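The block underneath contains the structure these notes are about, expressed in structure tokens.
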Amino acid sequence: MLLQPEMPILQVRNLTKHYLPQSGFSFSGGKSVIKAVDGVDFDLYPGETLGLVGESGCGKSTVARTILRLEEPTAGEVLYRGQDIFSMNRTELKTLRRNVQVVFQNPYAALNPRMSVEDILSEPWVIHPDVLPREQWADRVRELLVQVGLRPEHAERYPHQFSGGQLQRIGIARALALSPEVLICDEPVSALDLSVQAQVINLLEEIQAETNIAYLFIAHDLSVVRHISNRVAVMYLGRMAEIGPASEVFNEPAHPYSAALLSAEPTLKPDEIGRERIPLKGEIPSPANPPSGCRFRTRCWKAQAVCAEQVPQLEPRPPGSNRLAACHFPMDAPDAEIPHHLQST
Amino acid sequence: MAAAELQESVRVRRHLPWWRLLLRDKFATASVVWFVILLAFVFLGPLFLSDKATAVNLAARNAPPGFSHGFLNILGADPLGRPLLPRLMVGARNTLAIAFSSVICALVLGSFLGMIAGYVGGIIGNLIMRLADVISSFPSLLLALIVLYILEPHVMNLVLVLAITRTSIYLRVTRAEVLEIRERAFVDASRALGGGAPHILRRHIAPLVAPTLGTIVTVDFAAVMLAESALSFLGIGIQPPEITWGLMVAQGRNYLTQAWWLAFVPGAAIMLTTLSANLISSWLRIINDPAQRWRLEISRKEAKP
Amino acid sequence: MTEPLLTVRDLKVEFQTGLETVHAVNGASLTVEAGEIVAVLGESGSGKSVTAAAIMRILPIPPARIAGGEIIFQGRNILTLSPSEWKQMLARDVALVLQDALSALNPVYPVGWQIAEVFRVHGERSRKVANAKAVELLKRVGIPDPERRAKEYPHQFSGGMRQRVMIAMAVALRPRLLIADEPTTALDVTVQADIMDMITQISWEEGMSVLLVTHDLGVALRYAQRVCVMYAGRVVEAGPVREVLSRPAHPYTLALLQSAPQARAEGERLNPISGSPPDLAHLPPGCPFHPRCRYAADVCRASRPAETNILPGRRVECHRAMEVLDVVAA
Amino acid sequence: MLRYIGKRALQSAVGLSVLIIAVFFLARLTGDPAKLLLPINADQALIDEFRAREGLDRPVIEQFGVYVWNVMHGDFGTSLRRHRPALDMVLEAYPVTLQLAFTAMALVLVSASLVGSVAAYRPGSAVDRTVTVSSLISASVPDFWVAISAILLFAVTLQWLPTSGYGSDIRFWLLPLGVLVLRPFGMLVQVVRASMIATLSSAFVRTARIKGMSEGRIIYVHALRNALLPIITVAADQTVGMINGLVIIETIFGFPGIGKLMIDAVMARDFPVVQASILVTAIAIFTLFILVDLAYVALDPRIRHR
Amino acid sequence: QDKTLVVVLPEAPVTMEACMGNNTVNGRVIRINIYEPLTVVSDTTGQVEPRLATSWERLDDLTWRFHLREGVKFHDDAPFNAEAVVTEMKRTLNRDRNCHTEQQYFRGFNMTPTVVDDLTLDIKTDVPVPILPTFLSTLLISSPNSPLEEFTLKPIGTGPYKYDGENPGTEIRTVKNPDWWGEHSNVDAVKYIWRGESVVRASMISVGEADLTPELAVQDATDPALDKPYVDAETLWLRIDTEVPPLNDIRVRQALNYAVNREAMLGTLVSKDAVPSTQITVKGVLGHSEDIDDEVYPYDPEKAKSLLAEAKADGVPVETPILLVGRTNILSNSTEVMEAIMAMFQEVGLNVTLRMTEIGEWREYHNRPYPEGRQPVIVQTKHDNNRGDAAFSLQPKYACDGTNAAMCDPEIDAMIAKATAESGPDRGKLMEEVFAKLYREWVPDIHLFHMVSYARVGNRIDYVPNLLTGIEVRIEDVNFK
Ligand SMILES: Nc1ncnc2c1ncn2[C@@H]1O[C@H](COP(=O)(O)OP(=O)(O)OP(=O)(O)O)[C@@H](O)[C@H]1O
Ligand SMILES: Nc1ncnc2c1ncn2[C@@H]1O[C@H](COP(=O)(O)OP(=O)(O)OP(=O)(O)O)[C@@H](O)[C@H]1O
Ligand SMILES: [Mg+2]
Ligand SMILES: [Mg+2]
């Protein structure tokens with residue numbers, strides 16, 4: 001299934017999103033832009049799941065929002081089946097949104113508290129009336145509810161009557177209502193309990209098997225990402241740190257940040273419970289004022305002078321493999337050794 | 001899940017019908033009754049009572065409330081001896097027509113512009129807001145004079161004046177709320193589904209702004225009726241022989257020491273109507289707010305055991 | 001054996017929704033000993049948050065109603081305390097950390113102010129002292145440059161930092177008991193680890209008990225000493241965390257463990273619990289788990305299992321606990 | 001921030017210009033001041049003479065040009081009716097009105113916040129019902145009716161207060177303020193109540209509760225400040241709308257304010273006074289709106305950092 | 001005892017300028033009290049009496065000679081003399097100053113004053129003005145030091161009280177002028193304040209906050225001990241547009257008169273002391289015809305109906321919708337009166353609709369030129385001839401080119417011209433004839449009432465309001481008890 005020869009369904013090229021402090025009040029002075037996403041590239045192929053992980057605030061959601069064109073990018077392009085979504089007109093965009101759907105991070109906020117579940121789940125068909133004839137809405141709503149592990153009679157309830165996990169399933173059901181080709185899942189299972197999480201993941205996998213849907217799966221629960229993803233991308237502070245087949249990234253992370261991340265994962269394996277995690281010093285730097293060179297260098301135990309000077313590019317690690325990493329001193333390289341391409345400087 | 005189970009649970013209604021929820025709220029029920037009576041006035045009053053309402057009978061001049069001058073004079077009579085009760089009933093049509101239309105026009109116009117200002121923002125939003133500033137600082141009396149002088153003091157023109165002067169509050173409140181609501185994730189979710197601005201404004205934003213606006217609307221009823229009264233008094237609003245409650249209040253003002261009921265009776269009608277509108281609107285707010293609805297549903301449970 | 005710090009006994013909480021009554025907590029019992037960390041596991045909707053809210057007495061009443069049971073904290077039934085008595089104990093003796101730290105912090109006041117407020121409402125006269133203590137706390141929960149950050153507003157903080165602020169606020173008065181309702185669910189693993197480390201450390205240093213509501217088995221295993229597993233508003237199994245998670249006695253606990261992604265090899269399908277969660281308004285007769293239970297027998301359909309102590313320190317509510325233990329052992 | 005104020009001031013200046021242009025041209029559609037100011041049997045010759053003298057016979061656009069030119073030189077014209085510089089008249093009346101309006105609004109804000117919050121604390125309770133009903137009555141009661149009844153009661157029957165009059169003695173202010181406050185109070189209580197009901201159910205209120213603080217502090221320190229934005233929006237609008245209430249107060253109680261001045265000028269088509277008083281009040285109103293925006297920022301730090 | 005009189009007026013004075021002093025709102029404060037004219041018209045006899053002039057004579061058709069009072073000084077100590085009168089004439093008659101007095105009374109002839117000596121003044125007119133002394137009762141004399149162009153802010157006259165400052169918008173104060181030539185009352189100072197609501201003014205007198213207020217609304221005059229009625233020269237009537245059918249038919253106009261029940265309105269909508277009227281001037285005005293005073297149309301709806309039927313039989317379109325135009329606040333209760341009258345007209349079968357208008361709009365109906373092809377209109381109007389000579393009333397109301405007239409009859413025109421030119425003893429007689437003829441033969445109006453007003457007079461003072469109280473409140477007539 002990996003790296004199909006076919007065309008990627010989404011191609012993200014140099015995606016950049018800088019937030020300008022809004023005009024109006026700026027007591028905090030200065031015109032410092034927040035570089036939420038700063039030149040991200042990746043492809044998404046039909047039928048695959050790309051996991052996207054990274055620390056809170058590193059720009060995962062912003063990537064998702066920009067792909068959905070909920071935000072206008074600062075630079076870069078996103079090609080959906082070869083067509084740049086940022087130059088789409090209104091009708092093209094509407095079609096795109098039928099095919100590219102999203103599940104949001106915060107289930108409490110993502111559902112309108114005034115609408116019943118029935119209304120929430122039929123909203124996609126209100127917007128795209130040609131998808132499903134009206135008479136079938138009620139039945140389909142209940143089917144969707146059951147599909148995501150809820151009860152049909154929940155259709156008449158309102159969001160405040162559900163727990164967070166139940167709400168998230170409603171959000172997933174809504175995204176599935178249009179049978180999209182790409183589903184961007186922005187931490188869809190973070191708020192779910194294990195069993196439901198398993199259901200949802202199974203569900204997502206089933207749907208993928210049936211429809212060849214592609215997932216961009218953002219999560220911070222590494223075990224889930226490990227389970228569901230074919231490929232994994234690790235972001236740090238608006239940049240891609242590492243991207244590659246899931247097994248490679250998880251088993252032998254190339255980027256020190258990936259390694260630290262993986263070590264922090266709580267595990268169920270008895271032998272690993274006492275495992276030491278690689279502690280990261282300090283907080284994640286502000287995206288308004290990111291470190292020069294490699295963005296991770298301020299917290300990296302391997303950082304050297306060069307890291308502050310040169311921005312590491314995504315390169316195959318080990319050379320020739322499918323996995324790309326942006327690091328001057330990847331994990332497999334001995335600490336002291338300076339990669340030869342840097343030696344000239 | 002089993003298909004049978006699915007089938008069974010489809011269309012099971014777990015909510016009371018609205019009228020039973022209404023009966024739960026005694027105040028709202030009373031308010032609806034008052035409005036039904038008003039509607040009867042509006043449709044039947046002018047049909048049957050026009051003559052009674054305008055028949056001058058100087059013998060019953062300023063008759064106090066009571067039965068001394070016959071049933072029609074139960075609420076008293078005005079300086080021309082015209083009975084207040086039929087006048088109130090006949091006046092209901094104009095009064096409510098003016099109040100409803102102006103408040104609704106102001107609401108529609110204000111909330112529409114407010115939504116645009118809030119949702120679209122940018123230059124257009126700014127433009128709308130500054131326009132609102134200009135309109136708010138335009139004295140309503142001058143506006144009334146202009147419109148009514150140029151366009152005759154007709155009910156519809158009066159509505160125009162009152163609507164314009166009331167618009168800015170709806171505009172501002174709506175915009176403020178929209179600014180907040182549009183940042184919520186469910187709005188993004190709807191956009192991601194392909195929902196355009198009209199869809200989102202209608203389905204997501206309007207229902208959330210509605211309760212706040214509802215509150216203002218009901219109080220505005222009173223404001224509009226009294227504004228109309230003030231205009232009449234200055235000689236540029238509705239004028240006799242038309243009848244409106246506001247006009248009745250304005251005319252009764254001269255007799256406060258002698259015949260307090262002249263201003264009081266229509267004033268009380270205005271108050272009652274405002275009160276009823278408010279009680280109904282708060283009832284509506286409760287039944288439309290899923291998180292509050294139980295307040296009405298619960299009472300039966302409590303009463304049962 | 002001394003009396004536990006907190007004993008929840010047969011707690012029942014109902015919600016009135018529409019025409020029906022949701023039995024969100026339906027006879028839950030649990031204990032927390034002084035100084036220990038107890039994890040509460042359970043699927044979504046099983047009543048974990050409601051139980052926590054009931055202990056804190058912040059249930060929205062109505063529609064909620066405490067239908068029965070008692071909550072004994074430091075020897076007193078908190079359900080019968082007067083509101084003012086209870087307000088005295090809040091923050092001083094028992095504190096709560098909520099999951100959604102963004103909405104749980106007041107957006108219009110600086111973070112430091114909000115922490116200092118805890119001291120001020122509990123007797124600290126001097127604004128200066130309270131502020132100094134707040135800065136101290138911020139430092140303690142690992143916020144760099146606390147003097148400056150204390151003057152900033154919640155929206156200027158990242159999710160992880162907000163959660164730290166919440167924790168700082170909660171531990172400000174060194175409560176005996178900290179209830180943490182999914183404190184790290186929204187956070188990424190590195191931050192989660194930081195925060196949990198911090199809670200554990202404070203607990204250890206102060207002898208503070210923690211009731212930790214979580215979904216995450218890994219978190220429970222790593223940080224808690226004991227665990228309570230909730231299902232349909234009841235605590236169906238309780239015991240030392242390693243024992244319970246390695247040798248579950250309740251079929252629900254077992255199923256929960258099996259549904260974790262870690263329990264599966266890559267590429268394998270996950271193994272969720274069959275069926276759907278119970279409708280709390282219409283609980284089935286007998287054991288509430290029986291419709292989804294692989295081991296259900298007739299007795300399970302007929303009667304609700306009583307709580308039994310199968311092993312020392314382990315409590316379970318299952319007719320067939322022994323069979324389950326055996327299966328696991330096998 | 002200064003830049004922001006500058007920007008808003010500039011926008012306001014544009015708004016003011018639009019307003020003045022609108023007032024100038026629209027006012028002239030309401031009829032000929034000659035016909036109102038001259039004796040009832042004035043003949044056409046006299047009317048024409050008057051118009052020529054006041055420059056009203058010239059094309060409106062030219063009149064406007066002259067007006068703008070004069071305004072730029074600080075001359076706001078002379079009252080057609082009173083033959084005094086219009087600006088002097090307006091500035092004489094201005095302080096009284098400002099004092100009345102702002103005292104009233106301060107009272108309204110404080111009292112409505114207190115009362116509305118109490119009502120919102122337990123929606124549907126007896127307290128809430130009482131507050132709702134009484135605030136609605138206060139919003140829908142004709143103010144002149146109250147004003148006169150209050151005079152008859154407090155001044156004539158009980159003789160506690162003077163009937164009317166303007167002075168620094170607080171007793172002169174009690175009744176006018178009481179009446180002026182009624183309508184905005186009724187309106188604002190409703191808004192406070194609605195806004196507070198929403199706020200009181202938010203998570204941070206729960207946090208406040210678990211800190212163990214008193215309900216009063218929860219309501220007034222935590223919830224109210226968050227609920228304040230819509231309240232201020234409406235309060236500002238009510239302040240602006242107060243000019244109508246002011247006319248009544250000023251007429252009945254004999255306060256020498258701008259409300260009566262403006263109404264009289266409008267009714268007499270005394271254009272220079274109409275224009276000057278609108279300009280001056282509009283400046284106050286525009287300033288108020290800027291202040292409201294600044295208040296938003298002061299009250300909600302999120303706006304500042306957005 | 002503090003002898004400061006507090007007068008509460010219905011409206012603030014608009015200006016204190018002498019040449020605006022005949023406007024009621026201003027006159028109540030400044031007329032006579034601060035500024036005095038050369039002559040005054042008696043409220044009882046209608047005769048012209050001396051004030052600053054002690055006597056006058058007509059030298060020829062065009063010239064009048066006035067002898068001025070000796071030893072009079074302005075409040076600023078400037079001497080009052082012929083020169084001062086000339087200066088005031090310049091000031092008042094300067095058309096650029098937009099003076100009400102000039103516009104109202106001094107149109108239609110030109111005056112040339114000549115100073116004969118310090119206290120003697122000749123005034124020459126370009127046309128004969130038989131009632132020049134009456135006209136001069138409106139010319140208030142201010143100090144020659146008053147500004148010539150602008151309106152003064154500090155009135156300086158010769159009167160018994162002098163301006164003593166004001167709180168803008170709240171009160172105006174005057175104090176006794178010790179140098180006044182006349183006999184003072186015992187009032188030392190006066191404070192003028194104003195309140196729009198008549199009920200508030202009434203209350204202020206009751207509780208002793210003020211001593212005197214004119215123009216109380218009928219319904220507030222509830223205390224017979226304090227409230228004093230006075231005929232205030234205001235006459236209320238309806239003017240018929242006789243130039244449009246069906247109102248051009250006299251029978252229809254008579255029918256309208258028969259249809260009105262004046263008696264029923266007395267004591268209800270208008271004061272019980274009001275007098276049903278037959279002409280627009282009150283008794284006491286030169287030219288008022290006492291002959292027709294008791295020929296008030298009786299209330300006779302049957303007669304009205306039969307007149308209408310008669311007219312209809314002759315092809316008069318009596319069903320044409322007639323517009324009844326009222327003016328809000330023309331008098332208190334004006335609206336109620338109009339509503340009652342509308343009902344009465346409808347009673348006799350006329351198709352009448354009422355339209356209450358604000359003054360600006362009302363003038364469109366009331367003043368010439370009227371639009372071509374207009375609807376038949378009946379306009380509510382009032383008149384207050386307080387200058388004591390009907391000439392001020394007849395020309396504008398009934399002459400073909402009268403600004404407020406809606407009739408044209410050359411015969412009447414000739415009669416008016418003749419009467420107003422007459423200066424002899426027949427003058428009154430001639431004018432009386434015009435009124436009688438109009439009333440009996442023309443019926444251009446529906447006369448209603450000579451109104452009365454009420455003044456509330458506080459317990460501390462003695463004051464008897466009179467015909468002139470409507471336009472001037474002479475403090476010299478007020479005494480503390
Ligand atoms: N509208 C905005 N204006 C300014 N800055 C923003 C905006 N939205 C996001 N940011 C900033 O951009 C950065 C990336 O945010 P983003 O939400 O994409 O992170 P994330 O990786 O999804 O984090 P999390 O795991 O917490 O969801 C953050 O620093 C955030 O503060
Ligand atoms: N206000 C309410 N009205 C009706 N039902 C409610 C209300 N609040 C909670 N419930 C119900 O109570 C039950 C228990 O909810 P609770 O929040 O305790 O679950 P939880 O175990 O914390 O779940 P999660 O892990 O998803 O947070 C749920 O079924 C929920 O639907
Ligand atoms: Mg995110
Ligand atoms: Mg929970």
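All values reported here derive from a predicted model rather than from experimental measurement. Order of the sequence lines fixes the chain letters, A, B, ..., with proteins taken first and strands second; residue numbering starts at 1 for each chain.
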Exercise for the section: Please name the pair of heavy atoms, one in E/P168 and one in D/P256, separated by the smallest distance, quoted to 0.1 Å. Expected result: O-CB, 3.7 Å
Problem - E/N404 versus chain D, the contacting section by heavy-atom distance below 4.5 Å - result: side chain
Completion exercise
Whatever's closer than 4.5 Å to a heavy atom in chain E on D/A93 counts as neither
Completion exercise
One should read off an interatomic distance between E/E11 CD and D/D264 CG, to the nearest 0.5 angstrom, of 7.0 Å
Handout entry: Side-chain (D/R84) to main-chain (E/L153) donor-acceptor, under 3.5 angstrom
Key = no
Handout entry: Side chain, backbone, both or neither of E/R95 within contact of chain D (heavy atoms, under 4.5 Å)
Key = both
Problem - Heavy-atom contact with chain E under 4.5 Å, split by part of D/M267 - result: both
Completion exercise
So, the part of D/F50 with a heavy atom under 4.5 Å from chain E: the answer is side chain
Practice task
Determine whether more than 12 heavy atoms belonging to other residues, nucleotides or ligands lie under 6.0 Å from atom CD1 of D/I170.
Solution key: no
Problem - Contacting moiety of E/Q395, where chain D heavy atoms sit under 4.5 Å - result: neither
Handout entry: Neighbourhood of chain D inside residues 206-223 of chain E, taking heavy atoms under 4.5 Å as contact
Key = E/V207, E/E209
Problem - Heavy-atom proximity to chain D below 4.5 Å, by part of E/R195 - result: both
Completion exercise
Applied to residues 65-83 of chain D, the side chain to side chain donor-acceptor pair (under 3.5 Å) test, sequence neighbours excluded, yields D/S79-D/D270
Practice task
To the nearest 0.5 angstrom, please state how far the CD1 atom of D/I151 sits from the CD atom of E/E197.
Solution key: 8.0 Å
Problem - Which atoms of E/N367 approach chain D - backbone, side chain, both or neither, heavy atom under 4.5 Å - result: side chain
Practice task
Against chain D, label E/P369 side chain, backbone, both or neither, depending on which of its atoms sit under 4.5 Å from a heavy atom there.
Solution key: side chain
Completion exercise
The reported gap from CG in D/D32 to CD in E/E364 (rounded to nearest 0.5 angstrom) is 8.5 Å
Fill in the blank from the handout: The interface call for E/V199 against chain D, heavy-atom contacts under 4.5 Å, is side chain
Problem - Which atoms of D/I252 approach chain E - backbone, side chain, both or neither, heavy atom under 4.5 Å - result: both
Practice task
Could you look at E/I193 and say if it's the side chain, the backbone, both or neither that has a heavy atom under 4.5 Å from chain D?
Solution key: neither
Problem - Contact origin within D/L80 toward chain E - heavy atom pairs under 4.5 Å - result: neither
Problem - chain E contact via D/E250 - which portion, at a heavy-atom distance below 4.5 Å - result: neither
Completion exercise
Closest heavy-atom pair, E/S203 versus D/T163, reported as atoms and distance to 0.1 Å, is CB-CG2, 4.1 Å
